[in-house]
Amino acid sequence: MLNPTYWLQVVVATPAHSQVAGPLSYRSEFSLASGSLIRVPLGKREVMGVVWSCATEAPTGVAEEQVRCIAGVLDGISPLGESWRELVGFAARYYQRGLGEVALGVLPPSLRTLDNTQLARRLKREHNKREEQAGLPQAAEAGELASEAPTPSEAQAEALRAIAEATRPVLLYGSTGSGKTEVYLRAAETALGLDPNAQVLVMVPEINLTPQLEKRFRDRFEPHFGSGALVSMHSGMTPPQRLSAWMAAHHGHARIVLGTRMAVFASMPGLRLIVVDEEHDPSYKSQDGARYSARDLAVYRAKVESERHEATAESGRHCQVILGSATPSLESWHACEQGRYLRVNMASRIGGGSLPRLRLVDMNHQPKGVSLAPPLLAAMEERIQRGEQCLVLLNRRGYAPVLACGDCGWKSGCPHCSAYRVFHKLDRTLRCHHCGFTQRVPRACPDCGNLDIAPIGRGTEQIEEQMSALMADMKRPDGTAVRVARMDADTTRTKGSLESQLAALHSGEVDVLVGTQMIAKGHDFRRITLVASVNADSALFASDYRAPERLFSLLMQASGRAGRDARHSATAEMWVQTWHPDHALFAALKTHDYPGFAQSQLLEREAAGMPPFGYQALLRADARTQESAQAFLNLAAEQAADLTGTDEVMLYPAVPLNIQRVANIERAQMLVESDSRLALQRFLARWRPTLLTARHSPQGKGVIRFAIDVDPLSV
Ligand code: ADP
Ligand code: ZN
Ligand code: ZN
């Protein structure tokens, strides 16, 4: 033979649940490293693939002459590392998706679409950009970095020591304003100083909500590492931006990657530290495609990186992971109790400020029909007269969740969903928040012609309107009128609007800000001394067993926006309007007793065999009719009965989802439980192939799609 032949296993993008889940065989005239990005023929198309392995022997069981030759190699991009491949392989296995779907899905889309000439041009441009930056001050000694940084408090120094020595994942449990971010910055500084190629990954729930965090990292590290040292990664970026950030991380030019959950898959060959800020936040769990938990994958990734390298003297592990929160997830809390994670506490606020006092307003004793109780209003007025700011939190945008006819009972239902359309008064529309269907508000009841159709319930628009009316006669210290503003998904839709609204709040142009939970998270507001939650009760009695956990953390988070400046902290208050002031959740909230709350929740969960004591997965089906969705699930359950290992799991009956129909698609699900993670995993791996058969059987006819959700956030 003239040319030696190399046999490659190549991973290509495959549609969800396709039969070809694993790598495909190709041949090549030259040897290629695992992780190389190449182009291969697939059917009549040419697609991008990742080399998973390369051998000199033909794989057994393939007809050699049918194996096609690769089409080319993506020039100028170094192969993806072994730990990256291991992470992707694990994610595909654990979350029951195709390897190709995950591997190719987490790479920047432009890699797939650009040809070699375009790619070369892109790489050249990146190179030039770096050359320019090379003129800027370069990597300094770690000690020098700290010059502009505050001296760590005793608690911070203690936490940093514990982190440095930790050989396990660290849960940094610190109340809001305790200086966790400063600990991340210091830990990052240490990690970056470990070797010249060291990289740090910082994950945040929603990048748009945390421009401040990004700024703090930039301010701290860019003067020393140059302006290309930090890149962000989130879904709001354009494809060229994503490609550029990805390349910078992959080739090691970016030392810090700051991103949302997708960033957990960033290729970072020098990774030494992963920070997951607000680790309890539900947005770390992907809700479509591969439904992965970026927090859990971060822990896995750090473990893989550490196993791959010898631990160094400077740090207990090669790659450290820090999960930070004031209200950790019960999963992480439990992992600390079990000793799998190390809990590091930072109890007090920076500057010795105290946490806001909780004030419960018993709505049973308030005038009928008020949305804002008089004592709350009075407290707000007091603040405003002192030149301080207030936040009012309501978890519903729009003016009112429903519009209804008093005569015939018509309600503003969505014709395409089993949900009501929300009344938006500003543009007089009825909008479905599930499918987006929008119409002008009808002049009269569409069913009976009655002119008197009225809103029921309240949303942020209405609270803003009422607040403005109620405060019309109040005055600010300088005698001017009170300024009320609103911030929610509606007011922040256009680019830059979020930043400008936050800036207005920071600079004191707003006295009262009304908004949804997006205002509760992360922001370091300086002059807010009162935060009010006006309608939190629905979560107290929700069927979702995680609802109390979420409410508790939301209220803690929200109250954490108040009194962040120690000068104001003595008067900072969190007001909660409730019809159930005696609820145990409020008792724990009052004393800021997260450990107590967590313990009682964990006891309940243990008694009920719920996560983190039991393990769950959902099989979900979308179909034209509810019957076909459920028929598919029932067939899947029948097929499961024939598999081995089914006795280790418990299959529940198929049920419609809470919001059963969205955009004319009927949705149903089936819960699978086991008290062993491994048993559940084994079962799912056996079950998945049978689902494909079920999908193509007569019972699967009306099914549009199905998905397995491992460790679902709500069931
Ligand atoms: P968290 O992330 O826990 O909410 P931050 O890190 O944002 O807390 O700290 C709260 C505030 O205290 C910030 O304004 C920060 O700049 C300041 N801060 C943090 N650490 C220190 C320190 N050691 N000395 C002085 N100020 C600090
Ligand atoms: Zn009517
Ligand atoms: Zn709808």
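Read the numbers this way: they start at 1 and go in the same order the structure lists the ligands and their atoms. This is a predicted model, so every value here is computed, not measured.
Among residues two or more places apart in sequence or in another chain, the side chain to side chain donor-acceptor pair (under 3.5 Å) test is passed with T438 by none.
Remark: aromatic rings of Y184 and F217 are distant, center separation not under 6.0 Å. Taking the six-membered ring for Trp and the full ring otherwise, the centers of W333 and Y341 sit at least 6.0 Å from each other.
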R550 vs D544, salt bridge (charged side-chain N to carboxylate O under 4.0 Å, His left out): CA-CA, chis, key distance, verdict: CA-CA 10 Å; R550 243 177 261 143; D544 181 353; 3.5 Å; yes
What verdict does the side-chain contact (heavy atoms from CB on, under 4.5 Å) test give for F437 and Q439, after you've listed the backbone C-alpha separation in whole Å, the side-chain angles of each residue and the deciding distance to 0.1 Å? CA-CA 7 Å; F437 182 65; Q439 276 181 323; 3.6 Å; yes
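D296 has no carboxylate O lying under 4.0 Å from a charged side-chain N of K285, or vice versa, which leaves the two without a salt bridge. Ion pairing between R546 and E331 holds under the 4.0 Å rule for side-chain N and carboxylate O.
Judged purely by distance below 3.5 Å, without hydrogens or angles, the side chains of T491 and Q501 pair a donor atom with an acceptor atom. Remark: the W575 side chain and the E573 side chain contain an N/O donor-acceptor pair separated by less than 3.5 Å.
Around the Zn ion (ligand 3), the protein atoms of type N, O or S found under 2.8 Å away are C414 SG, C417 SG, C432 SG, C435 SG, listed by chain and number.
Looking at every heavy atom in both residues, M233 comes nearest to V257 through SD-CG1, 4.0 Å.
Closer than 4.0 angstrom to ligand 1 by heavy atom are P150, T151, P152, S153, Q156, S175, T176, G177, S178, G179, K180, T181, E182, R216, I350, D524, R526, R564, sorted by chain and number.
The neighbour count for F552 CZ, taken as heavy atoms of other residues, nucleotides or ligands under 6.0 Å away, is above 12.
For the pair R295 and Y284, the cation does not sit on the ring face, since its NZ or CZ is not both under 6.0 Å from the ring centre and inside 45° of the axis.
Put simply, the residue from E278, H280, E279 that forms a side chain to side chain contact (heavy atoms under 4.5 Å, CB included) with L323 is E279.
Nearby protein atoms of type N, O or S around the Zn ion (ligand 2) amount to 4 (distance under 2.8 Å).
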